[in-house]
Amino acid sequence: MEDRVIAVLIPCFNEENTVRKVVEDFRRELPKALIYVYDNNSTDGTAKAAEAAGAIVHKEPRQGKGNVVRSMFREIEADIYIMVDGDDTYPASSVRELIKPVLNGEADMVIGTRLSRFTGRSFRKFHLFGNNVVVRLINLLFRSKLTDALSGYRAFGRLFVKTTPVISMGFEVETEMTIHALDKGFIVQEVPVDYGERPDGSVSKLDTFADGLLIIRTTFHIFKDYRPLMFFSGIAVLFFLAGAVSGVPVIVEYFHSGLVPRFPTAILASALVSLSFLFFSVGLILDTIARQHRENYELWVKSIYE
């Protein structure tokens, strides 16, 4: 660890009451680390409190956590990165355990999982349920065994940080990073950490329903982009079943009487079955494109280190 450059990245929006403690806690655990606070248009004294604690403060004018993460990943040069929220809900005392797999070359991203050690007031209403829904969908799509895909406490290796495209603008960025890591074959590990309650005076920036829907929508779009064959095959099956349900009685009646009295129903059934084959074909084409994209990504990453 002595010869590695470690950067602690803290995205903040109106965290005046907690950011100083977060900076001081991580300074105590990692005395030689560079600690960066990215102030995302705070209207309180977040920037001043961070500077007073000895952090390097950057401004990010584009609102949203995804925009902050994008800037942090682009601008900060280090060997090991730790990302943590500035609300003092994640323990700095776990940081050495978090970065150990990255330091040892055993993982590219380590997630500080919150779901085994938290209090009754750590999560807002429906957040725990929403997290479980997202995690189960991700595990289904990528055959992984993650327990927490939305944690804001993570450690990364340099390769992951410098080759990860951040498209999201808001709190769905954690979902995006998790799926990118799984899709591109990065090694992901989890380390259980205590997840505390927000201190008095600290207010959550999450909107239970709006951010929950945003995360689900992002997962839906990534499902379509990363697993197009599965996505469009599912739609194709639905159309085929609808066509079969409406068309089989017409076919049976034709074999019995030689007539097609329900001609509109026959046209509808034919159209539905045709659409099912069309969606399946689209899935095949996009799956080929996605596979080619993965191959190009691997060649690009390889060329960086040649």
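Below, each value reflects all heavy atoms present in this structure, side chains not excepted, and no hydrogens, waters or symmetry copies.
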ask   = Is there a donor-acceptor contact under 3.5 Å from the side chain of Tyr226 to the main chain of Ala290?
value = no
message = I want to check something: taking the side chain as every heavy atom from C-beta on, are Arg28 and Glu24 in contact at a cut-off of under 4.5 Å?
response = no
query = Between Glu176 and Ser168, what is the shortest heavy-atom contact and its length?
reply = OE1-OG, 2.7 Å
inquiry  = Looking at every non-hydrogen atom in both residues, tell me the closest pair between Met83 and Pro11 and how far apart they are.
reply    = CG-CD, 4.4 Å
task = Find the distance between CD1 (Ile179) and NZ (Lys184) and round it off to the nearest 0.5 Å.
result = 10.5 Å
request  = Would you give the length of the straight line joining atom CZ of Arg27 to atom CG of Leu34, rounded to the nearest 0.5 angstrom?
outcome  = 7.5 Å
ask   = Does atom OH of Tyr297 have more than 12 heavy-atom neighbours, drawn from other residues, nucleotides or ligands, at distances under 6.0 Å?
value = yes
Nearest atoms (heavy-atom pairs only) where Gly112 meets Asp148 = O-OD2, 4.1 Å
From OG (Ser93) to CG (Leu98), nearest 0.5 Å = 11.0 Å
message = Measuring only between side-chain heavy atoms, which start at C-beta, is Phe232 closer than 4.5 Å to Ser281?
response = no
inquiry  = For the residue pair Arg62 / Ser71, report whether a side-chain donor-acceptor contact shorter than 3.5 Å exists.
reply    = yes
remark   = Shortest non-hydrogen pair, Ala50 vs Val19, comes out as N-CG1, 4.0 Å
ask   = Any side-chain donor-acceptor pair under 3.5 Å between Asn67 and Gln63?
value = no
ask   = Has the side chain of Asn14 got a donor or acceptor atom that lies under 3.5 Å from a matching backbone atom of Thr43?
value = yes
query = Rounded to the nearest 0.5 Å, how far does CD1 of Ile111 lie from OG1 of Thr147?
reply = 8.0 Å
task = Check the angle between the aromatic planes of Phe186 and His180 and answer parallel, tilted or perpendicular using the 30° and 60° thresholds.
result = tilted
ask   = Should Phe142 and Leu146 be regarded as members of a common hydrophobic cluster, given that ILVMFWY residues are connected when their side-chain heavy atoms come within less than 4.5 Å of each other, either directly or indirectly?
value = yes
ask   = Quick one: does Ile285's side chain get under 4.5 Å of Ile289's, heavy atoms only?
value = yes
query = Which heavy-atom pair separates Arg294 from Asp183 by the least distance, and what is that distance?
reply = NE-OD1, 2.9 Å
ask   = Hey, what do you get for CG (Leu272) to CG (Leu241), rounding to the nearest 0.5 Å?
value = 10.5 Å
ask   = Just wondering, do Thr288 and Leu284 contact through their side chains at under 4.5 Å, heavy atoms?
value = no
query = Do the side chains of Ile138 and Thr175 get nearer than 4.5 Å, heavy atoms only?
reply = yes
query = Is the shortest heavy-atom distance from the side chain of Asp88 to the side chain of Asp25 under 4.5 Å?
reply = yes
inquiry  = Please confirm whether the ring centroid of Tyr195 lies under 6.0 Å from the ring centroid of Tyr90.
reply    = yes
query = Would you say Asn40's side chain and Glu60's backbone share a donor-acceptor pair under 3.5 angstrom?
reply = yes
request  = Could you tell me how the ring of Phe160 sits relative to the ring of Phe156: parallel (under 30°), tilted (30 to 60°) or perpendicular (over 60°)?
outcome  = parallel
inquiry  = Between Arg154 (side chain only) and Met109 (backbone N and O only), is there a donor and an acceptor less than 3.5 Å apart?
reply    = no
inquiry  = Whether the Glu190 and Thr113 side chains hold a donor-acceptor pair (N or O, under 3.5 Å, no angle test) is what I'd like checked.
reply    = no
message = Quick check against the 3.5 Å criterion: does Glu51 have a side-chain atom that pairs as donor or acceptor with the backbone of Val57?
response = no
Any donor-acceptor pair under 3.5 Å from Arg70 side chain to Ile167 backbone = yes
ask   = Between Ser94 and Glu97, do the side chains contain an N or O donor and an N or O acceptor separated by less than 3.5 Å?
value = no
ask   = Under 6.0 Å from the NZ atom of Lys100, do we count more than 12 heavy atoms belonging to anything else shown?
value = no
key: Any side-chain heavy-atom pair of Glu172 and Lys65 under 4.5 Å   = no
remark   = Rounded to the nearest 0.5 angstrom, the OH-CD1 distance for Tyr81 and Ile99 is 14.0 Å
ask   = Can you get from Val69 to Ile76 by hopping between Ile, Leu, Val, Met, Phe, Trp and Tyr side chains that sit under 4.5 Å apart?
value = yes
ask   = Is a side-chain donor or acceptor of Asn41 paired with a backbone partner of Pro61 at a separation under 3.5 angstrom?
value = yes
inquiry  = Using side-chain contact (heavy atoms from CB on, under 4.5 Å), reason through Leu30 and Ile82 one step at a time and then give a plain yes or no.
reply    = CA-CA 11 Å; Leu30 300 171; Ile82 300 110; 3.9 Å; yes
Where Val37 and Ala55 come nearest, the two heavy atoms and their spacing = CG2-CB, 3.7 Å
inquiry  = Please evaluate residues Val68 and Val173 with respect to the criterion side-chain contact (heavy atoms from CB on, under 4.5 Å), reporting the C-alpha separation (whole Å), side-chain torsions for both, the decisive distance (0.1 Å), and the verdict.
reply    = CA-CA 10 Å; Val68 177; Val173 66; over 6 Å; no
inquiry  = Is there a continuous path of hydrophobic side-chain contacts, each under 4.5 Å between heavy atoms, that joins Leu9 to Met169?
reply    = no
task = Verify, without hydrogens or angle tests, whether Asp39 (side chain) and Lys59 (backbone) share a donor-acceptor contact under 3.5 angstrom.
result = no
task = Identify whether the distance between the nearest side-chain nitrogen and carboxylate oxygen of Lys48 and Glu16 falls below 4.0 Å.
result = no
ask   = Do you reckon Phe280 sits in the same ILVMFWY cluster as Phe231, going by side-chain contacts under 4.5 Å, direct or chained?
value = no
task = Answer with yes or no whether the hydrophobic clustering places Val5 together with Val161; edges join I, L, V, M, F, W, Y residues whose side-chain heavy atoms lie under 4.5 Å apart.
result = yes
query = Counting only N and O atoms by type, is there a donor-acceptor contact under 3.5 Å from the side chain of Arg4 to the main-chain atoms of Leu103?
reply = yes
Donor-acceptor contact below 3.5 Å, side chain Ser276 vs main chain Val273 = yes
message = Between Thr163 and Trp300, is there a side-chain heavy-atom distance shorter than 4.5 Å?
response = yes
ask   = Given the rule in the side-chain contact (heavy atoms from CB on, under 4.5 Å) test, do Leu137 and Val133 qualify, once you have shown the distances and angles that lead to the verdict?
value = CA-CA 6 Å; Leu137 180 56; Val133 170; 5.7 Å; no
